[in-house]
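Starting from 1, each residue takes its place in the sequence as its number. The analysis underlying the following values was restricted to heavy atoms, covering all of them including side chains, and did not include hydrogens, waters or symmetry mates.
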Amino acid sequence: MARIRLTKGDSFDTRAEIAELLGGSNQDGIAVSDKVKAILLFANEEELYKDYFFPKGTYENCLYTGIGRDGHQDSPSNNRYSLNIDVLSHKKDRRALLVFEKQGTKYCFIGKYKLMETHQNIQPDKHGNLRRVFAFHIKWMSDAFSAQKLK
């Protein structure tokens with residue numbers, strides 16, 4: 001069976017290329033791979049909620065906002081709820097957290113991370129209504145990822 005390998009700096013012209021390689025959604029900010037045991041996180045400075053790497057200029061730690069632009073992210077009635085739960089349970093489910101960042105027009109692999117802790121913030125949704133969001137504190141683990149392909 002084939003292995004999938006990623007190294008920091010690997011770039012992709014489109015999200016569809018990443019979805020073809022790893023599976024999962026080619027649009028959502030959080031996607032569950034169906035080709036390897038991984039959750040894919042996409043950081044994009046142009047989005048409504050920016051994610052922050054710190055210390056500034058490094059990728060050591062990241063504060064990553066959960067998925068869902070409407071309503072409370074912790075509500076089971078939110079159609080993106082399960083993706084936030086996938087991030088929360090990635091260690092238990094033995095899934096890697098793989099971070100990609102949109103840099104210009106390309107998507108670059110940043111590395112393999114793990115969830116350290118989480119908290120909730122109050123932020124306006126895309127309509128300006130206040131709601132609860134997840135704030136995931138993730139920590140860099142490796143510049144590379146390699147896994148046996150599931151399918």
Side-chain angles (χ1 to χ4, degrees), residues 3-12 15 17-19 21-103 106-126 130-151:
R3 289 193 77 75
I4 292 178
R5 291 181 172 82
L6 293 168
T7 304
K8 184 176 182 173
D10 286 351
S11 68
F12 303 86
R15 285 283 305 273
E17 287 180 34
I18 297 170
L21 177 66
L22 297 171
S25 168
N26 66 358
Q27 295 179 359
D28 293 332
I30 298 173
V32 178
S33 172
D34 58 4
K35 295 187 179 179
V36 294
K37 291 192 65 92
I39 308 294
L40 315 178
L41 304 178
F42 294 90
N44 183 348
E45 282 288 321
E46 298 168 5
E47 283 296 315
L48 181 61
Y49 302 106
K50 295 182 173 101
D51 301 303
Y52 300 96
F53 293 97
F54 48 90
K56 189 173 174 96
T58 75
Y59 290 96
E60 186 176 326
N61 295 288
C62 180
L63 186 61
Y64 188 87
T65 304
I67 191 168
R69 296 177 182 196
D70 275 328
H72 299 296
Q73 290 182 349
D74 62 353
S75 173
S77 65
N78 185 321
N79 63 357
R80 301 286 195 252
Y81 173 78
S82 64
L83 292 169
N84 289 314
I85 298 306
D86 287 329
V87 175
L88 287 170
S89 61
H90 90 95
K91 288 181 201 172
K92 178 182 75 68
D93 295 341
R94 297 175 190 231
R95 290 186 175 271
L97 287 181
L98 305 180
V99 175
F100 295 82
E101 182 181 40
K102 187 170 186 189
Q103 297 176 351
K106 296 190 179 285
Y107 294 88
C108 296
F109 177 67
I110 300 302
K112 179 179 166 186
Y113 284 69
K114 73 175 180 180
L115 181 66
M116 300 304 290
E117 63 181 64
T118 189
H119 74 273
Q120 289 185 306
N121 280 341
I122 302 294
Q123 293 178 347
D125 68 11
K126 69 179 184 180
L130 293 180
R131 51 52 177 282
R132 294 180 304 276
V133 299
F134 288 103
F136 299 117
H137 298 255
I138 60 175
K139 180 175 179 49
W140 172 87
M141 299 304 297
S142 174
D143 283 340
F145 172 76
S146 178
Q148 196 73 31
K149 200 170 180 183
L150 298 173
K151 294 182 182 179

Rounded distance (nearest 0.5 Å) linking atom OG of S11 with atom NZ of K102: 13.5 Å

Going by side-chain contact (heavy atoms from CB on, under 4.5 Å), name the residues that satisfy it together with D70, two or more places apart in sequence or in a different chain. D125, K126, H127

Compare all side-chain heavy atoms of F134 with those of T65 and state whether any distance is below 4.5 angstrom. no

On a heavy-atom basis, which atom in N84 and which in I30 lie closest, and how many Å separate them? OD1-CD1, 3.7 Å

Of all residues at least two apart in sequence or in a different chain, which pass the side-chain contact (heavy atoms from CB on, under 4.5 Å) check with R94? K37

Tell me the closest heavy-atom pair linking F145 and A38, and the distance in Å. CZ-CB, 4.4 Å

S33 side chain to I39 main-chain N or O, any donor-acceptor pair under 3.5 Å? no

To the closest 0.5 Å, what do you measure between CG (L88) and CG (L83)? 11.5 Å

Atom CG of L41 and atom CG of L98: how far apart are they, to the nearest 0.5 Å? 8.0 Å

Tightest non-hydrogen contact, residues D34 and G24, listed as OD1-N, 3.7 Å

Going by atom type alone, with no hydrogens or angles, which donor-acceptor pairs under 3.5 Å involve a side-chain atom of residues 106-114 and a protein atom two or more places apart or on another chain?
unit_1, atom_1, unit_2, atom_2, d
K106, NZ, D13, OD1, 2.2
Y113, OH, Y59, O, 2.5

Distance check, rounded to the nearest 0.5 Å: I85 atom CD1 versus Q73 atom CD? 10.5 Å

Have D74 and Q120 got a donor and an acceptor in their side chains that come within less than 3.5 Å? yes

Between NE2 of H90 and CZ of F136, what distance do you get to the nearest 0.5 Å? 10.0 Å

For L21, which residues count as a side-chain contact (heavy atoms from CB on, under 4.5 Å) partner, sequence neighbours excluded? I4, L6, F12

Search all heavy atoms of L150 against all heavy atoms of V36 and return the closest pair with its distance. CD1-C, 3.6 Å

Who are the side-chain contact (heavy atoms from CB on, under 4.5 Å) partners of D93, not counting sequence neighbours? S89, R95

Specify the closest pair of heavy atoms between R15 and S25, including all atoms of both residues, with the distance to one decimal. NH2-O, 3.4 Å

Pairing residues for D28 by the salt bridge (charged side-chain N to carboxylate O under 4.0 Å, His left out) criterion, not counting sequence neighbours: R80

Given side chains that start at C-beta, do those of V133 and R131 come closer than 4.5 Å, heavy atoms only? yes

Chi angles and distances behind the side chain to side chain contact (heavy atoms under 4.5 Å, CB included) call for L40, I18: CA-CA 10 Å; L40 315 178; I18 297 170; 4.3 Å; yes

Does the side chain to side chain contact (heavy atoms under 4.5 Å, CB included) test come out yes or no for I138 and M116, once each step is laid out? CA-CA 5 Å; I138 60 175; M116 300 304 290; over 6 Å; no

Counting N and O atoms only, with roles assigned by atom type, does the side chain of H72 sit under 3.5 Å from a partner on the main chain of R132, one being a donor and the other an acceptor? yes

Check against side chain to side chain contact (heavy atoms under 4.5 Å, CB included), K8 and D10: CA-CA 6 Å; K8 184 176 182 173; D10 286 351; over 6 Å; no

If you take all heavy atoms of F42 and A31, which pair is closest and at what distance? CE1-CB, 4.4 Å

